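Contents: one structure, followed by commentary.
Every number for a ligand or one of its atoms is a count from 1 in the order of the listing. Model, not experiment: these values are computed from the prediction. Counting from 1, the numbers follow the sequence of the chain as shown.
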Amino acid sequence: MSSTPTGTPAPKTNRIGLPVLEYKGGKTTLCAGCGHNAISERIVDSMYEMGVRPERVIKLSGIGCSSKSPAYFMNRSHSFNSVHGRMPSVATGAILGNRNLLGLGVSGDGDSASIGIGQFVHLMRRNLPIIYIIEDNGVYGLTKGQFSATADLGSKLKTGVINDLPPIDTCALAIDLGASMVGRSFSGDKKQLHTMLKAAIAHNGTVMLDVVSPCVTFNDHEGSTKSYKYMKDHEEPLQDINFVPVFDDIAIEYDPGTTVEVTMHDGSRLRLRKLEEDYDPTDRIEAVKRLMEAHDRNEVLTGIFYINTKAPTFLDMLNMTDQPLATLPESVVRPGREVLQQVMEELG
Ligand SMILES: Cc1ncc(C[n+]2csc(CCOP(=O)(O)OP(=O)(O)O)c2C)c(N)n1
Ligand code: SF4
Ligand SMILES: [Mg+2]
């Protein structure tokens, strides 16, 4: 290892010569043990490992605890905290304006599937190059835990209100609409999420990752489908799982092809069923079928469900120039007299 002039060992650097510190953000203000914090850590790790220049990244978000989280990673990157549910349109403008940027959208299940569903669906159908992460806890954490549109049917709020609507599966929706890389992970599965994020950085097109991210403050009560007790009552393999104390980060590793029960630090558990190794992630019909089957069995399927590396992106479709629009000279962006004349004649 090399050393500094003072003799202290130089920090380890990545392939572009930056230490991991250059990928960090501000100190989190989210609850200790919130799944969103673990996702931020995985983003830091994967960006560092992939050697992405921080200034190439634009972080985009809406409103919510999840949407606050870009403040807690990659301080050197560009950032835009938009209005609730409106991040997709801001992201579209930013990426169209400069296609050299690496867009990283961080949203919540409320931000994307409730108030923002209209913007979400149009982003997915355009295949804009962006990594779009939904930090999915089934509730509006920031406004004290109301159901979002991804909440499970029959789950109960602390107030006793029962959710009588079926959840929107954002992965099935994204696959149906045209996103070219779609997957689901769990904030506690370090290895899987880390690997999926690295693949996402390398992908050209819309990457939609729904990451189950427990809300330790509002999702651990009797009647919640995420609570420890609910899972204990419904899952036989509970006894094989060690209890993980609240506020401790957990890491799980498991082989593809297995189904495992995961006890989360908020006391709730998820059943994570990995896709088997011979699963064909290019078959979108099979992907949606598998997601629906998993729902019927109350299982949470994780992994890369669908990937299409050949789909044209929104930038291709619009034939966008490589040069950032703001730097184009007037001679290029201003139509000449003849062009204006032609337009006038066409209108006449
Ligand atoms: C236009 C508008 N409507 C409602 C709100 C109130 N509000 C703030 S955050 C939020 C929901 C956030 O939920 P989610 O996106 O799931 O994020 P989480 O806090 O769970 O991470 C709501 C309804 C708002 N800020 N703006
Ligand atoms: S309220 Fe829930 S979602 Fe918000 S920071 Fe706390 S644990 Fe996370
Ligand atoms: Mg939420």
Considering only protein heavy atoms, which is closest to atom 14 (P) of ligand 1, and at what distance to one decimal place?
Gly110 N, 3.5 Å
Which atoms from ligand 2 have a heavy atom of Leu30 less than 4.0 Å away?
5 (S)
Can you establish whether the number of heavy atoms outside Leu165 located under 6.0 Å from its atom CG is more than 12?
yes
For residues Phe218 and Tyr140, establish whether the separation of their ring centroids is below 6.0 Å.
no
Which value, rounded to the nearest 0.5 Å, describes the distance between His36 atom NE2 and Tyr72 atom OH?
10.5 Å
Examine all N, O or S atoms of Cys34, backbone included, and report whether one is under 2.8 Å from atom 4 (Fe) of ligand 2.
no
Considering the heavy atoms of Val216, write down every atom of ligand 2 situated less than 4.0 Å from one of them.
7 (S)
Geometric N/O contact His36 with ligand 1, under 3.5 angstrom:
yes
If you draw a 6.0 Å radius around CE in Met292, do more than 12 non-hydrogen atoms from other residues or ligands fall strictly inside?
no
Going by distance only, is there an N or O of Gly64 that falls short of 3.5 Å from an N or O of ligand 1?
no
Given the options Val207, Leu60, Leu104, Leu123, Tyr132 meets side chain to side chain contact (heavy atoms under 4.5 Å, CB included) only with Leu123
When every non-hydrogen atom of Met208 is compared with those of Thr170, the smallest separation belongs to CE-O, 3.5 Å
Name the closest protein heavy atom to atom 22 (C) of ligand 1, giving the residue it belongs to and the distance to 0.1 Å.
His84 NE2, 3.2 Å
Where Asn100 and Asp322 come nearest, the two heavy atoms and their spacing:
ND2-O, 3.1 Å
What protein heavy atom lies closest to atom 4 (Fe) of ligand 2? Include the residue and the distance to one decimal.
Cys65 SG, 2.4 Å
Suppose I only count heavy atoms of Leu142 and a 4.0 Å limit; which atoms of ligand 1 are within that range?
9 (S), 19 (O)
Which part of Asn137 is near ligand 2, with near meaning a heavy atom under 4.0 Å away: side chain, backbone, both or neither?
side chain
Counting from 1, what ligand 1 atoms have a heavy atom of Gly141 closer than 4.0 Å?
18 (P), 19 (O), 20 (O)
N-O pairing of Asp45 and Lys190 below 4.0 Å
no
Could you give the distance from CD1 (Ile95) to CG (Leu102), rounded to the nearest 0.5 Å?
7.5 Å
Nearest heavy-atom pair of Leu153 and Pro166: which atoms, and what distance?
CD1-N, 3.7 Å
What atoms in ligand 2 come closer than 4.0 Å to a heavy atom of Phe218?
1 (S)
Correct closest heavy-atom pair for Ser82 and Ile63 would be O-CD1, 3.5 Å
Please write down residue, atom name and distance for the protein heavy atom closest to atom 5 (S) of ligand 2.
Cys31 N, 3.4 Å
Closest to atom 2 (Fe) of ligand 2 by heavy-atom distance, out of Pro214, Ser69, Cys215, is Cys215
Closest protein heavy atom (residue, atom, distance) for atom 13 (O) of ligand 1:
Tyr140 CA, 3.4 Å
In ligand 1, the atoms that come under 4.0 Å of a heavy atom of Asn137 are 20 (O), 21 (O)
In terms of its nearest heavy atom to atom 1 (C) of ligand 1, the top option of Asp109, Val139, Ile115, Thr150 is Ile115
shortest atom 17 (O) of ligand 1-to-protein heavy-atom contact is with Ser66 OG, 3.2 Å
Give the minimum heavy-atom separation between Ser77 and Pro54, together with the two atoms involved.
OG-O, 2.7 Å
Heavy-atom pair with the smallest gap, counting every atom of Pro167 and Thr150
CB-O, 3.6 Å
For His36, atoms of ligand 2 separated by under 4.0 Å from a heavy atom:
3 (S)
If you take the nearest heavy atom of each of Leu30, Asp136, Ile63, which one is closest to atom 12 (C) of ligand 1?
Ile63
Which of Asp189, Asp169, Asp136 passes salt bridge (charged side-chain N to carboxylate O under 4.0 Å, His left out) with Arg184? Answer is Asp169
What protein heavy atom is closest to atom 6 (C) of ligand 1, reported as residue, atom name and distance in Å?
Thr143 CG2, 3.8 Å
Give me the residue, atom name and distance of the protein heavy atom closest to atom 15 (O) of ligand 1.
Asp111 N, 2.7 Å
For Gly141, take its heavy atoms, then give the atoms of ligand 2 lying under 4.0 Å from any of them.
1 (S)
Logged contact type for Gln146 with ligand 1, heavy-atom cut-off 4.0 Å, is neither
